[in-house]
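All chains are named by letter (A, B, ...) in the order of the sequence lines, taking the proteins before the strands, and each is independently numbered beginning at 1.
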Amino acid sequence: MESADLRVFRAVAREGSITKAALRLGYVQSNVTARIRQLEAELDTELFVRHNRGVTLSASGRTLLAYADKIVGLLDEATQALTSSDEPAGPLAIGSTQTAAAVRLPKLLASYYESYPNVRLSLSTGHTQTLLEQVLHYELDGSFIGCECDHPELRAIPAFEEELAIVSAASVADWAEAVTKPILVFAKGCSYRDVLDRWLSVNGLTQSVMMEFGMLEAIVGGVTAGLGISMLPKSVVRKQVAEGLVRIHDVPEPFRYMKTEFVMRKDSFVSSALQAFIAMLPGGGVQPESRLSDVEKGTGT
DNA sequence: CGGATAACACGTCTGGCACG
DNA sequence: CGTGCCAGACGTGTTATCCG
């Protein structure tokens, strides 16, 4: 079993299709088929269940995927550790919630890119749960998430604090009127939605009409058009408030403030690019218990 | 449409051998 | 003993085609 085989296997598992995985990897379908067949023969087990619309992981495949993620992640980390220099360079994959990406990150990323032009920075957005999974699977070097993280394998560094508010169309007088409207939310797994769910539950508003949206812009647009209300950071709708398009209604503690944290794997090598990124976080990414040890900085044993 | 298979091309690895 | 050359084996990739 070679690491290249595991990379091919992971791609097929993620895509759910040999053809799509081949396209993504830059191989032809037959080659990927052969690699998977070879892996299956070597392990004497079927890793995928074949059907006429692609493939799905078998139980054995799911077991192997967990190991493949770790093995490939460690190999990439080892490569990075050996090639990393003091001058930040190379790839840096960052994840973020849509709200942080829209409001907080543009300046930070621009400033980072200006300081370290040799770093190939990539930003992908998603919901907190998805982002956590991607960090755990070594797909992201780190990610901004909209909740306090206590996962044993992750280190969390406080990044920003957002003041949340109920956002409605400008014509809505107060929050009592606001909560009679449909509620526009992200899909489950979004931290803002979790706060909103708890807030609604505390206020006995469990029967509210929920409309799920995939994009922040769609929610803000829907609120502006009077379709419904939502719970969002004030910073996200600052412009719309100034233009008189929406009205914000304060929410009480403990729902009012939400921390955005930057999370990364505890056991991962911290490249110079990532180290520089952390240093650029508000407060320099340093908190009493989050200083990086020598080991984590890759300078220890 | 997506996966499997056969046939083939090409590059790399490996073992054997000769030579300095 | 180290080095260079060569032939065959092997691995990795392709195209073409078939099958469900």
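- Proximity of A/Thr33 to the phosphate of B/dA4: a side-chain N or O atom is located under 4.0 Å from OP1 or OP2.
- No more than 12 heavy atoms of other residues, nucleotides or ligands shown are found within 6.0 angstrom of NZ on A/Lys259.
- Side chains of A/Glu162 and A/Thr260: no donor on one and acceptor on the other come within 3.5 Å.
- For the pair A/Arg50 and A/Glu40, the salt-bridge criterion is met [side-chain N within less than 4.0 Å of a carboxylate O].
- If you measure from atom CZ of A/Arg37 to atom P of B/dA6, you get 11 Å, rounded to the nearest angstrom.
- There is a path of hydrophobic side-chain contacts, each under 4.5 Å, that joins A/Tyr67 to A/Val12.
- Closest approach to the A/Tyr27 side chain among C/dT12, C/dT14, B/dG3 is made by C/dT14 (side chain taken as heavy atoms from C-beta onward).
- Annotation: side chain of A/Leu108 is in contact with side chain of A/Phe144 (closest heavy-atom distance under 4.5 Å).
- Checking B/dT5, C/dT12, B/dG3 against every side-chain atom of A/Arg50, the shortest atom distance belongs to B/dG3.
- In this structure, the CG atom of A/Leu25 is 11 Å from the P atom of C/dT14, given to the nearest Å.
- Rounding to whole angstrom units, CD of residue A/Gln29 and C1' of C/dA16 are separated by 12 Å.
- At a threshold of 4.5 Å between non-hydrogen side-chain atoms, the residues A/Phe48 and A/Leu57 count as touching.
- Atoms CD (A/Glu40) and C1' (B/dA4) sit 12 Å apart, rounded to a whole Å.
- Using a 4.0 Å cutoff on non-hydrogen atoms, the parts of residues 14-22 of chain A near DNA chain B are A/Ser17, A/Ile18, A/Thr19, ordered by number.
- A/Asn31 places its CG atom 13 Å from the C1' atom of B/dA9, with the value rounded to the nearest Å.
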